[in-house]
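Read the structure below first, then the notes.
The sequence lines fix the lettering, A, B, ..., with proteins before strands; numbering per chain opens at 1.
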There are 2 protein chains.
Amino acid sequence: MLIEIDFNSNEALYIQLRNQIILGIAKDMLRDGDSLPSVRQMANELGVNMHTVNKAYALLRQDGYVKLDRRNGAVISVSMENKSHHVENIHSNMEMIVAQAVCKNITLEEMQKLVEDMYDTFSSARPQIDIIVEEKE
Amino acid sequence: MLIEIDFNSNEALYIQLRNQIILGIAKDMLRDGDSLPSVRQMANELGVNMHTVNKAYALLRQDGYVKLDRRNGAVISVSMENKSHHVENIHSNMEMIVAQAVCKNITLEEMQKLVEDMYDTFSSARPQIDIIVEEKE
DNA sequence: CTTCTGTTATAGCATAGATATAACAGAAGA
DNA sequence: TCTTCTGTTATATCTATGCTATAACAGAAG
């Protein structure tokens, strides 16, 4: 998987790396069990310092996206615990976006479509747990 | 309108102030034509430096939320220009949120409801252009 | 003429981001 | 056992950002 870092971005390098990996998981380019390059190897590939990568990995572990151990390095392992915590997090992050949309007269329908399209983009290649829909009789 | 600043937050003070004002507009607590306290007065009220407030005001002007001039201070004036630019901005901001939601198995329906509820919260007190709903016969 | 406004300039201080170098403990393989 | 890899921790240095402080300027209002 290709990870691109923009050194001219105002976003911190370790945040960019973390985001790229989360996007990779969402797009199913990184799956449970996949190994990420070691902190030193990834740092060498990206041309950044080891500690910058370590910071990103530590953040990913903290948020339940990878598990780290000394033998296997960083392994993708998305935790489904603390879902309510994540919903809260998403809620607060979403608040400013929706507030801006309301101010700028962007309709709810436009926002809904934006979310739906983006959802499709991510989940189109992902294995769905609930493809089978039970119909009420 | 009450503006609260958290000095212990890791979010920059001028960003907090900017966000609070955008939220105020979204909640219709600040309306077109309303004047904001001058940079010095606002700084005094919040207990922050004048330049911190000036930074927030300059940012709000840049994003089309207020107009600044020497006689009237900062006046709420939401610009509807550059809508495509704002949609792009919202799109990129939303991408990481939706990516996280997909990773954490938060369904599209849950996200849609989140957006809808939040939209209602903001727009409930706002003047609606399309309150009248035509019913099909 | 005084007082308010936004605006700009300069300086100092603290924190965060990124780098560099180094070392440690644990696990794997020769 | 020895080497090599892993994540982890500890310092130190440099730069950029955030915040404050003090000061000054131009324009508008009373």
Side-chain angles (χ1 to χ4, degrees), chain A residues 3-22 30 32-79 96, chain B residues 3-22 30 32-79 96:
Chain A
I3 292 182
E4 294 191 12
I5 298 295
D6 180 10
F7 287 91
N8 295 324
S9 171
N10 55 352
E11 204 163 34
L13 298 182
Y14 76 98
I15 296 290
Q16 288 187 54
L17 177 54
R18 162 188 164 273
N19 287 350
Q20 292 278 308
I21 292 172
I22 291 178
L30 294 172
D32 263 51
D34 288 354
S35 284
L36 294 175
S38 71
V39 287
R40 291 171 177 82
Q41 190 178 344
M42 176 71 90
N44 193 45
E45 288 178 10
L46 297 178
V48 302
N49 191 271
M50 178 193 68
H51 295 95
T52 305
V53 177
N54 192 47
K55 210 167 177 177
Y57 280 16
L59 204 57
L60 286 166
R61 180 183 60 176
Q62 179 185 309
D63 292 340
Y65 291 99
V66 302
K67 285 186 176 175
L68 308 179
D69 67 297
R70 297 186 199 278
R71 25 189 197 297
N72 299 323
V75 179
I76 303 293
S77 172
V78 180
S79 165
M96 282 311 304
Chain B
I3 292 182
E4 293 192 12
I5 298 294
D6 180 10
F7 288 91
N8 296 324
S9 172
N10 54 352
E11 205 164 32
L13 299 181
Y14 76 98
I15 296 290
Q16 288 186 55
L17 177 54
R18 163 188 164 271
N19 287 349
Q20 292 278 309
I21 292 173
I22 291 178
L30 294 173
D32 262 51
D34 286 355
S35 285
L36 294 175
S38 71
V39 287
R40 290 171 177 83
Q41 190 178 342
M42 176 70 89
N44 194 44
E45 289 178 11
L46 298 178
V48 302
N49 191 271
M50 179 194 66
H51 294 93
T52 305
V53 177
N54 192 48
K55 210 167 176 177
Y57 280 16
L59 204 57
L60 287 167
R61 180 183 60 175
Q62 179 185 310
D63 293 339
Y65 291 100
V66 302
K67 284 185 178 177
L68 308 179
D69 68 297
R70 296 185 199 279
R71 26 190 197 296
N72 299 323
V75 179
I76 303 293
S77 171
V78 180
S79 164
M96 281 312 304

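Note: CG (B/N10) to P (C/dA14) measures 20 Å, nearest angstrom. Look at CG on A/L59: it is 12 Å from P on C/dA18, rounded to the nearest Å. Regarding B/E11, its CD atom lies at a distance of 10 Å from the P atom of D/dC19, rounded to whole Å. In this structure, the CD1 atom of A/I5 is 15 Å from the P atom of C/dG17, given to the nearest Å. The distance from atom CG of B/L68 to atom C1' of D/dA26 is 16 Å, rounded to the nearest whole Å. A/L17 places its CG atom 14 Å from the C1' atom of C/dA18, with the value rounded to the nearest Å. Atom pair B/Q41:CD and C/dG6:C1' shows a separation of 14 Å (rounding to whole Å applied). Atom CG in B/N49 sits roughly 14 Å away from atom C1' in C/dA14 (whole-Å rounding).
With contacts defined as side-chain heavy-atom distances shorter than 4.5 Å, the pair B/Y65/B/L59 does not qualify. Side-chain contact between A/I21 and A/Y57 is present, with at least one heavy-atom pair separated by less than 4.5 Å. In this structure, the side chains of B/R18 and B/I22 come closer than 4.5 Å at one or more pairs of heavy atoms.
Within the 4.0 Å cut-off from OP1 or OP2 of C/dT5, at least one side-chain nitrogen or oxygen of B/S38 is found. For the OP1/OP2 pair of C/dG17 and a distance below 4.0 Å, the side-chain nitrogens and oxygens of A/T52 include no atom meeting the criterion. For B/Y14 and D/dC19, the shortest distance from a side-chain N or O to OP1 or OP2 is not below 4.0 Å. Look at A/K55 and you'll find a side-chain N or O under 4.0 angstrom from OP1 or OP2 of C/dG17.
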Exercise for review: Output, in order, the C-alpha distance, side-chain angles, deciding distance and verdict of side-chain contact (heavy atoms from CB on, under 4.5 Å) for A/S77 and A/V66.
Suggested key: CA-CA 5 Å; A/S77 172; A/V66 302; 5.9 Å; no

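Around atom CD of B/E4, no more than 12 heavy atoms belonging to other residues, nucleotides or ligands sit under 6.0 Å away.
As the counterpart of C/dT2, D/dA29 is assigned, both hydrogen-bonding distances of the Watson-Crick or G-U wobble pattern falling under 3.5 Å. Base pairing annotation: C/dA11 forms a Watson-Crick or G-U wobble pair with D/dT20, both donor-acceptor distances under 3.5 Å.
Evaluation of atom-type donor-acceptor distances gives no pair under 3.5 Å for the side chain of B/H51 against the base of C/dT10. Counting distance only, with no hydrogens placed and no angle test, the side-chain atoms of B/R40 and the base atoms of D/dT22 include no donor-acceptor pair under 3.5 Å.
Ranked by how close their nearest DNA chain D nucleotide is to the 5' end, A/Y57 and B/M50 are led by A/Y57. Both B/R61 and A/G47 lie near DNA chain C, and the one whose nearest nucleotide falls closer to the 5' end is B/R61.
Ranking D/dT8, C/dG17, C/dT7 by closeness to the A/A12 side chain, first place goes to C/dG17. Considering only the side chain of A/L13, C/dT19 comes nearest among D/dC19, D/dT8, C/dT19.
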